Protein chains: 2
Amino acid sequence: MGPPWWQAKFRGCGYRITIAREVILNTLAKTEDHLSAEDIYNHIHTKHPNIGLTTIYRTLDVLTNLGLVYRFDFGDKRARYELAEGPKGAHHHHHLVCTGCNRVVDYTDFIDAEVRLLQEIEQVLSKKYGFKITNHLIQFYGLCSRCQADG
Amino acid sequence: MGPPWWQAKFRGCGYRITIAREVILNTLAKTEDHLSAEDIYNHIHTKHPNIGLTTIYRTLDVLTNLGLVYRFDFGDKRARYELAEGPKGAHHHHHLVCTGCNRVVDYTDFIDAEVRLLQEIEQVLSKKYGFKITNHLIQFYGLCSRCQADG
DNA sequence: AACTTTGTTGAAAATCGTTTCCATTTGAAA
DNA sequence: TTTCAAATGGAAACGATTTTCAACAAAGTT
């Protein structure tokens, strides 16, 4: 197998491939969670004490701009990141967010119907408002069973 | 006509009706824009120099918790607020956000289809994940015509 | 009317995720 | 290797939002 799948995309944009970037990307690839910049820092720090938090923020910016990573806001005042689907990346999903404890559930139910409708809408909106639509966001908010119980 | 429609909801929760709250609510009711806390402060400040920014933040919290106001994040690092539909409030809509200039377009196209699908999904997700769903968010992101032109 | 309880307020200070600055290091093309 | 823009870490700056705290005001209670 050749070099990691994302390196091509990297080179094409004048970006360099560095250890920090590789480590950060791998961290995101290996988790199911929705990590914040600091989460990533903590995951990495033992093995790579020389990678600073600033670099993580900068790298996440780059990755987001490249479309390799999605940035989310789940209401807990910090950005959270998720690998966009790569070759064998996670399947497309949306989020169900608990407003009580900020837990996030990924769901794929109805994804097809959602995406189908979204594409239809995108087409209409593009034309009507002259937007070039690149992305969409769907999230549901509510209370998870535990938070309902806690009152 | 009786007292403003929202006062009932207010009293029922032990909240008091104050000038600040009335002014802030009226400001939101009179605009088409998506105002930030500071925007509201600026709108108000000439006529009500005694209403501080802190009060605005606090009031917006209260209004959001009461469900009278929705809080949005359009990616410009500050919360923006919009009156929830009241008696003759704005009709239900979703947002189209320009990632270039952060302009926001309200659209109502397909709203019925969107809401219908969302309700279906909500029902399934509620059951499957034990969530009590209270809210949803749909947004499209892209470049407005002006920002496309600017390259 | 005086008192009490409790919600509300403004100003200033604190918080905290994120960015910026800047001197130094590093990747990769020539 | 030489070269040079890109990338980095640490410290300082930023900026929206929250917290603190003492003063205030609205309803109820005597």
Side-chain angles (χ1 to χ4, degrees), chain A residues 3-4 6-25 27 34-66 68-69 71-81 102, chain B residues 3 6-25 27 34-66 68-81 102:
Chain A
W6 48 270
Q7 301 205 350
K9 201 162 198 172
F10 245 74
R11 304 227 199 250
C13 302
Y15 288 122
R16 289 177 184 164
I17 290 156
T18 67
I19 296 188
R21 288 170 179 181
E22 199 157 354
V23 169
I24 291 168
L25 215 31
T27 303
H34 310 87
L35 303 178
S36 66
E38 201 180 355
D39 289 339
I40 294 174
Y41 179 83
N42 292 333
H43 272 241
I44 286 177
H45 190 254
T46 310
K47 277 205 161 178
H48 299 273
N50 46 325
I51 296 178
L53 188 53
T54 307
T55 296
I56 298 190
Y57 276 107
R58 274 187 294 226
T59 301
L60 288 169
D61 264 4
V62 170
L63 297 176
T64 302
N65 291 336
L66 283 177
L68 292 172
V69 159
R71 189 199 313 264
F72 290 97
D73 165 27
F74 296 135
D76 64 346
K77 314 266 181 199
R78 73 199 59 205
R80 296 190 168 271
Y81 300 84
N102 286 311
Chain B
W6 48 268
Q7 301 205 347
K9 202 162 198 172
F10 245 74
R11 304 231 197 245
C13 301
Y15 289 122
R16 290 178 184 162
I17 290 155
T18 68
I19 297 187
R21 289 171 179 180
E22 200 159 354
V23 169
I24 292 168
L25 215 32
T27 303
H34 310 88
L35 302 178
S36 67
E38 201 180 356
D39 288 340
I40 294 174
Y41 179 84
N42 293 333
H43 271 241
I44 286 178
H45 190 253
T46 311
K47 278 205 161 181
H48 300 274
N50 46 324
I51 296 179
L53 187 53
T54 307
T55 295
I56 298 188
Y57 276 107
R58 275 187 294 227
T59 300
L60 289 169
D61 264 5
V62 170
L63 297 176
T64 302
N65 290 336
L66 284 178
L68 293 171
V69 159
Y70 294 137
R71 188 200 313 264
F72 290 98
D73 165 27
F74 295 135
D76 64 346
K77 314 265 179 199
R78 75 197 58 203
R80 297 190 168 273
Y81 299 84
N102 286 311

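First the proteins, then the strands, lettered A, B, ... as listed; each starts at 1. Computed from a prediction, not measured in an experiment: that's the story for all the values here.
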- Counting just side-chain N and O atoms, does A/Arg58 come under 4.0 Å of either OP1 or OP2 of C/dT19? no
- Task: Measure from CG on B/Asn50 to P on D/dC24 and round the result to the nearest Å.
- Result: 14 Å
- Message: What is the separation between atom CG on B/Leu35 and atom P on D/dT17, rounded to the nearest whole Å?
- Response: 13 Å
- Query: With a 4.5 Å limit on heavy-atom distance, are the side chains of A/Tyr41 and A/Ile51 in contact?
  - Reply: no
- Item | Whole-Å distance separating the CZ atom of A/Arg21 from the C1' atom of D/dA6 | 8 Å
- Message: Can you measure A/Asp61 atom CG to D/dT8 atom P for me and round it to whole angstrom units?
- Response: 12 Å
Output one line per pair: protein atom, nucleotide atom from nucleotides 12-16 of chain D, and distance, for all N/O pairs under 3.5 Å.
from, atom 1, to, atom 2, distance (Å)
D/dA16, OP1, B/Arg78, NH2, 2.9

- Task: Answer yes or no: is there a side-chain heavy-atom contact under 4.5 Å between A/Trp6 and A/Glu22?
- Result: yes
- Take the protein atom CG of A/Leu53 and the nucleotide atom C1' of C/dC16, then report the distance between them rounded to whole Å. 12 Å
- Message: Just so I know, are the side chains of B/Leu68 and B/Phe10 near enough to count as touching, which here means a heavy-atom distance under 4.5 Å?
- Response: yes
- Ordered by number, residues from residues 9-20 of chain A within less than 4.0 Å of DNA chain C (heavy atoms) are A/Arg11, A/Arg16, A/Ile17
- Using the ring of each side chain (for Trp, its six-membered ring), is A/Phe74 parallel, tilted or perpendicular to A/Phe72, with breaks at 30° and 60°? parallel
- Rounded to the Å, how far apart are A/Ile40 CD1 and C/dG17 P? 14 Å
- Got a salt bridge between B/Arg80 and B/Asp39, using NZ or NE/NH1/NH2 to carboxylate O under 4.0 Å? yes
- Just how far, in rounded Å, is P of C/dG17 from CG of A/Leu60? 15 Å
- Task: Mind checking the CG-NZ spacing from A/Leu63 to A/Lys9? Nearest 0.5 Å is all I need.
- Result: 10.5 Å
- Message: Does this structure show an ion pair linking B/Arg71 with B/Asp61, if we count only N-O contacts that are shorter than 4.0 Å?
- Response: yes
- Task: Answer whether the closest heavy-atom distance between the side chains of B/His43 and B/Leu35 falls below 4.5 Å.
- Result: yes
- Query: Once you round it to whole Å, what is the distance between C1' of C/dG17 and CG of B/Asp73?
  - Reply: 14 Å
Can I get a per-line list of side-chain donor-acceptor pairs under 3.5 Å for residues 11-21 of chain A, giving both atom names and the distance, sequence neighbours left out?
from, atom 1, to, atom 2, distance (Å)
A/Thr18, OG1, A/Arg21, N, 3.3
A/Arg21, NH1, A/Arg16, O, 2.9

